[in-house]
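Counting begins at 1 with the first residue of the sequence.
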Amino acid sequence: MLKASDVMTKDVATIRSSATVAEAVKLMRARDWRALIVDRRHEQDAYGIISESDIVYKVIAYGKDPHKIRVYEVMSKPCIAINPDLGLEYVARLFADYGLHRAPVIQGDLRGIISLTDILAQSDFLEQPYNILLEQQLQDEIIKARAVCTQKGINSEECAAAWDAVEEMQAEIAHQRAEKVSKTAFEDYCDEYPEPLEA
C-alpha cells in the first residue's frame, strides 16, 4: 500500500504566526500554494496551518483588512499531522473523519504536505483497491497454511502459526469493511475433519 511519503508534496512553505494575512496571501500566490504551514515558536510547540479557505471565510467574508489581521488569528492550531509512514487508506480515513483537505507530514520535523489532490492524483487505488490486494494475500495465506498443515501435521506448532497469520489477515479485512468475521478460514478447515483438532 502506498504511504503518505509516496504522494505528499515536498515543496512546502512555513510562515510565522505573527506574519500578516496579506504576507501569507503573497507567498501563496507566488508559488500557487493552497495552504501554508505555520511554523513552531519552539521545539515543544505544535505546527499550525493556514489555508485559502481560512482566509476567505475568516478575513475576506467579513471585510477585514488582511494587512492588519495576523496569521495566528485565523490559522488552525494544533493541526492534525500525518506520519510519513501512514498508509494512504488511513490518511484518507483521517481526512474523512475530520473533514480535512490537507495536512502537514511530520516525523520529528516537517517533511511535506499532503492534500486530497495528492491522494487522488498519485494513488493507484483505482487500479488495485487495497481490499482486493488483501483478499488476494488472504487466499495465498490459506493455501500456504493448508500446505504447512499437510506437511507438518495438523496439530503442529507450524500449522497453528500459519492459521494465526490467516486469522490476523481476516481480521484486518473485516476491519477495513467494518464488519465481523462470521466464520474464519480456520473454522472452515476444521469442518473438513471429523475429529476435533487441538487448538
Side-chain angles (χ1 to χ4, degrees), residues 1-62 64 66 69-134 168 171-179:
M1 180 173 41
L2 285 172
K3 299 182 293 188
S5 58
D6 297 322
V7 303
M8 71 182 185
T9 303
K10 291 177 183 168
D11 184 22
V12 61
T14 60
I15 191 165
R16 300 177 330 278
S17 60
S18 59
T20 65
V21 168
E23 289 174 300
V25 171
K26 191 176 176 183
L27 186 53
M28 283 177 174
R29 281 181 181 161
R31 299 294 291 272
D32 196 27
W33 281 315
R34 304 253 181 268
L36 300 170
I37 304 303
V38 182
D39 217 348
R40 302 180 297 177
R41 288 169 299 159
H42 50 81
E43 278 193 24
Q44 281 71 44
D45 195 16
Y47 283 100
I49 190 168
I50 181 169
S51 67
E52 288 177 321
S53 52
D54 290 324
I55 295 165
V56 172
Y57 299 160
K58 299 173 186 175
V59 181
I60 298 171
Y62 291 96
K64 295 178 179 177
I69 301 293
R70 302 287 170 179
V71 166
Y72 70 80
E73 296 177 72
V74 297
M75 70 181 182
S76 298
K77 183 179 176 177
C79 59
I80 290 174
I82 304 295
N83 184 301
D85 296 325
L86 191 63
L88 211 53
E89 189 163 329
Y90 295 104
V91 175
R93 200 170 298 168
L94 265 177
F95 276 36
D97 289 346
Y98 292 95
L100 302 176
H101 291 270
R102 58 192 58 80
V105 179
I106 295 168
Q107 192 172 51
D109 55 359
L110 182 64
R111 301 292 177 88
I113 190 167
I114 186 168
S115 69
L116 292 174
T117 308
D118 295 324
I119 294 170
L120 279 176
Q122 298 182 42
S123 69
D124 63 355
F125 77 98
L126 290 174
E127 288 79 19
Q128 286 196 303
Y130 183 48
N131 282 344
I132 291 174
L133 291 176
L134 275 182
E168 213 172 284
E172 172 66 12
I173 291 170
H175 175 71
Q176 293 291 331
R177 293 177 176 163
E179 61 186 30

* Would you say Tyr47 and Asp39 make side-chain contact, with heavy atoms under 4.5 Å? -> yes

* Checking side chain to side chain contact (heavy atoms under 4.5 Å, CB included) for the pair Ile114/Leu88: CA distance, chi angles, key distance, verdict? -> CA-CA 10 Å; Ile114 186 168; Leu88 211 53; 4.0 Å; yes

* For Asp85 and Gln107, what are the C-alpha separation, side-chain angles and deciding distance, and is it a side chain to side chain contact (heavy atoms under 4.5 Å, CB included)? -> CA-CA 9 Å; Asp85 296 325; Gln107 192 172 51; 3.5 Å; yes

* Taking side chain as C-beta onward, heavy atoms only, is Arg34 less than 4.5 Å from Asp32? -> yes

* **Trace of the side chain to side chain contact (heavy atoms under 4.5 Å, CB included) decision for Tyr90 with Asn83** => CA-CA 11 Å; Tyr90 295 104; Asn83 184 301; over 6 Å; no

* To do: Mind listing the closest non-hydrogen atom pair of Val74 and Lys58 along with its distance?
  => O-NZ, 3.0 Å

* **Evaluation steps, side chain to side chain contact (heavy atoms under 4.5 Å, CB included), between Leu94 and Leu86** => CA-CA 11 Å; Leu94 265 177; Leu86 191 63; 3.9 Å; yes

* Looking only at heavy atoms, what is the nearest atom pair of Tyr62 and Tyr57, with distance? -> CE1-O, 3.2 Å

* To do: Would you mind reporting whether Asp54 and Met75 have side-chain heavy atoms less than 4.5 Å apart?
  => no

* To do: Rounded to the nearest 0.5 Å, what's the gap from CD1 on Ile15 to CD1 on Ile37? Could you check?
  => 11.5 Å

* Judged by atom type as modelled, is there a donor-acceptor pair below 3.5 Å linking the side chain of Asp45 to the main-chain atoms of Arg41? -> yes

* Asked: Is there a side-chain contact between Pro104 and Val12 (heavy atoms, below 4.5 Å)?
  -> no

* Ala46 and Pro78: which non-hydrogen atoms are nearest, and at how many Å? -> CB-CB, 3.6 Å

* **From CD (Glu52) to CD1 (Ile60), nearest 0.5 Å** => 9.5 Å

* Asked: So do Phe95 and Leu116 actually touch side chain to side chain, heavy atoms under 4.5 Å?
  -> yes

* Checking Ser5 side chain against Pro84 main chain: does a donor-acceptor pair fall under 3.5 Å? -> yes

* Structure fact -> Note: Ala103 and Ile80 closest approach over all heavy atoms is CB-O, 3.4 Å

* Asked: Given side chains that start at C-beta, do those of Leu36 and Val71 come closer than 4.5 Å, heavy atoms only?
  -> no

* Asked: Less than 4.5 Å apart, any side-chain heavy atom of Arg111 and any of Ile106?
  -> no

* To do: Kindly indicate, with the supporting measurements, whether the criterion salt bridge (Lys or Arg N to Asp or Glu O under 4.0 Å) is fulfilled by Asp118 and Arg102.
  => CA-CA 9 Å; Asp118 295 324; Arg102 58 192 58 80; over 6 Å; no

* Report yes if the side chains of Met28 and Ile55 come closer than 4.5 Å at any heavy-atom pair, otherwise no. => yes

* Donor-acceptor contact below 3.5 Å, side chain Thr20 vs main chain Glu23 -> yes

* To do: Could you grab the distance from atom OG of Ser17 to atom CD of Glu73, nearest 0.5 Å is fine?
  => 10.5 Å

* To do: Might you point out which heavy atoms bring Trp33 and Leu27 nearest each other, and give the distance in Å?
  => CE3-O, 3.8 Å

* If you measure from CD on Glu89 to CD1 on Ile119, what distance do you get to the nearest 0.5 Å? -> 11.0 Å

